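Here is the structure we will look at.
On a predicted model such as this, the values are computed, not experimentally measured, just so you know. Per chain, numbering begins at 1; letters A, B, ... match sequence-line order.
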Amino acid sequence: MGSRLSTRLMNICISCLCKVQKLEKAEAIIVDGIRLGVIPDVVTYNTLIAACGRLVCMDAAYAVLHRMKEAGISPNVFTYNSLLAGATRHCQISLSLDLFEEMLQMGISPNVWSYNMLMHCFFRLGKPDEAYRVFRDIILNNISPCPTTFNIMMNGLCKNGYADNALMLFRTLERHGCKPELVTYNILINGLCKAGRLKAARRILRQLGESGCVPNAITYTTVMKCCFRSGNFEEGINIFTEMKRKGFAFDAFSYCTVTGALVKTGRLEKANECMEQMVENGIVLDIVSYNNLINLYFREGKLEAAYKLLDEIEGEGLECDKYTHTILIDGLCKAGNIEGALQHLQYMNSMGFDSNLVAYNSLIDRMCKSGLIDQALRIFDLMDLKDSFTYSSLVHNLCKAGRFRCASKLLLSCIRNGMKILKSSQRAVIQGLRNSGFRRDAGKLLTKIRVAKI
DNA sequence: CTAGGGTTAG
């Protein structure tokens, strides 16, 4: 009895240490405890596995799992949920799916948390149908869904292009005996904004006001971003000011949102002030903040300062992401160093990022503008993924160079691939063909475009 | 233990 009490005490200790991220200390206490005859139980190990998975890496979590098994303690549903959470956090989605499978094979019944994470994983993999099947299983198997179940569902639907379905689900919440939380509103407002459903987003925002929930900094940042995205710059800044007046603590998210908008609208001076404020307020720069700063420096032509920051990233124990590389490539392009941009693109490709589309687009556009259209076309052929940016840029510049037939071919293949293209680029081709004496070709092209659209 | 906001190209 006494020993069980001390185990519980030890677990409380370990839980606290994990919360303040002192994992080594927590591990040391377990070792000391064992020496003093305090036996760790399944809760002890689960706490540590959760913390390792969340704060360190999956290998660390597995190492604890290994020791747990050696101590003769069998994993339970909490163990697996902790592992699932860690794997999902580190974007190891297929590992998460394997873990879920393994849990079933071990005869451990998943609980609602396990299903929540499984749903989340399917959404992350871009498989909303599978996620929905899990959701139905929850309902059909009489596992009571919790508010988070609905939040994950709505967020996943939004992220996978089904904002309307998320809205529908939102309207059934009460029927499910579930009251929307602030998170729920934030998810919906963000999802609807990104889907361009501004009116619906505004309705939800009003509903949030009537619900008795109090908006937080996330709500404000979301709405602010939404204003910037829809070209409502002044209104976005007003929200920024209101946030300050209401005394919200600004974090990297809000500063970066504002900086991004300032840079985009060419207000570099103001952007600089904003970033300075962020640093003065003692906010530790994360990779997104670095990306913002580097982008700003490139725009200001402060190349040396930008490079210095790039060096600093590694020193801070951060890792450059695809945005960092894209910003660098774009910056090199804008500085006229196409050769350097190409080299860095090759380097970026060797790192195996999931997407390099924007970097390619930036390079192609800059090459075209520098009169290197044929080189740009060769790069175009190397791309395995193209979008409307790619086509608009090439078609536009081919027209400018008077190469309307080539532009016409590209335009058509763009539309046949089901992609949009800037209206101005499209007009340029038609007009160009007409003006250079190819009226019939212009007519034919128009017909083909109409057919392709059907 | 799980969920929400920020950064790149015309």
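Phosphate contact (OP1/OP2 of B:dA3, side-chain N/O of A:Lys159, threshold under 4.0 Å): absent. Remark: A:Lys264 is in phosphate contact with B:dT8, judged by side-chain N or O atoms under 4.0 Å from OP1 or OP2. Between B:dG10 and A:Asn361, no contact under 4.0 Å exists linking OP1 or OP2 to a side-chain N or O. Side-chain N/O atoms of A:Lys423 include none lying less than 4.0 angstrom from OP1 or OP2 on B:dG10. Listed pair A:Lys400 / B:dG10 fails the phosphate criterion, with no side-chain N or O lying under 4.0 Å from OP1 or OP2. The shortest distance between the side-chain N/O atoms of A:Lys19 and the OP1/OP2 oxygens of B:dC1 is not below 4.0 Å. Within the structure, every side-chain polar atom (N or O) of A:Asn295 is placed at least 4.0 Å from both OP1 and OP2 of B:dT7.
No hydrogens or angles were tested; on distance alone, nothing pairs the side chain of A:Asn216 with the base of B:dG5 as donor and acceptor under 3.5 Å. For B:dG10, its base never sits under 3.5 Å from the side chain of A:Ser393 at any donor and acceptor pair. Within 3.5 Å, no donor on the side chain of A:Thr222 pairs with an acceptor on the base of B:dG5, nor the reverse. One donor-acceptor pair, N or O on each side, does fall under 3.5 Å between the base of B:dT7 and the side chain of A:Asn291. A donor N or O paired with an acceptor N or O is found under 3.5 Å between the base of B:dG5 and the side-chain atoms of A:Asp251.
A salt bridge is absent between A:Glu312 and A:Lys308: the closest approach of a Lys/Arg side-chain nitrogen to an acidic carboxylate oxygen does not fall below 4.0 angstrom. A:Asp330 and A:Lys334 are joined by a salt bridge, as a carboxylate oxygen and a charged side-chain nitrogen come within less than 4.0 angstrom of each other. Of the charged side-chain nitrogens involved, at least one lies within less than 4.0 Å of a carboxylate oxygen, so that A:Asp365 and A:Lys369 count as a salt-bridged pair.
Within 6.0 Å of NZ in A:Lys322 there are more than 12 heavy atoms belonging to other residues, nucleotides or ligands.
The side chain of A:Asn81 has B:dC1 as its nearest neighbour among B:dG5, B:dC1, B:dG6. The nucleotide whose nearest atom lies closest to any side-chain atom of A:Ile327 is, among B:dG10, B:dT8, B:dC1, B:dT8. Among the nucleotides B:dG4, B:dG6, B:dT2, the one closest to any side-chain atom of A:Thr148 is B:dT2. Between B:dT2, B:dG5, B:dG6, one nucleotide has an atom nearer to the side chain of A:Ile152 than all others, and that is B:dT2. For A:His120, counting side-chain heavy atoms from C-beta on, the closest listed nucleotide (B:dG5, B:dT7, B:dT2) is B:dT2.
Checked against a 6.0 Å centroid threshold, the rings of A:Tyr391 and A:Phe380 count as neighbours.
B:dT7 has its base stacked against the ring of A:Tyr323, the centroids being under 5.5 angstrom apart at an interplanar angle below 30°.
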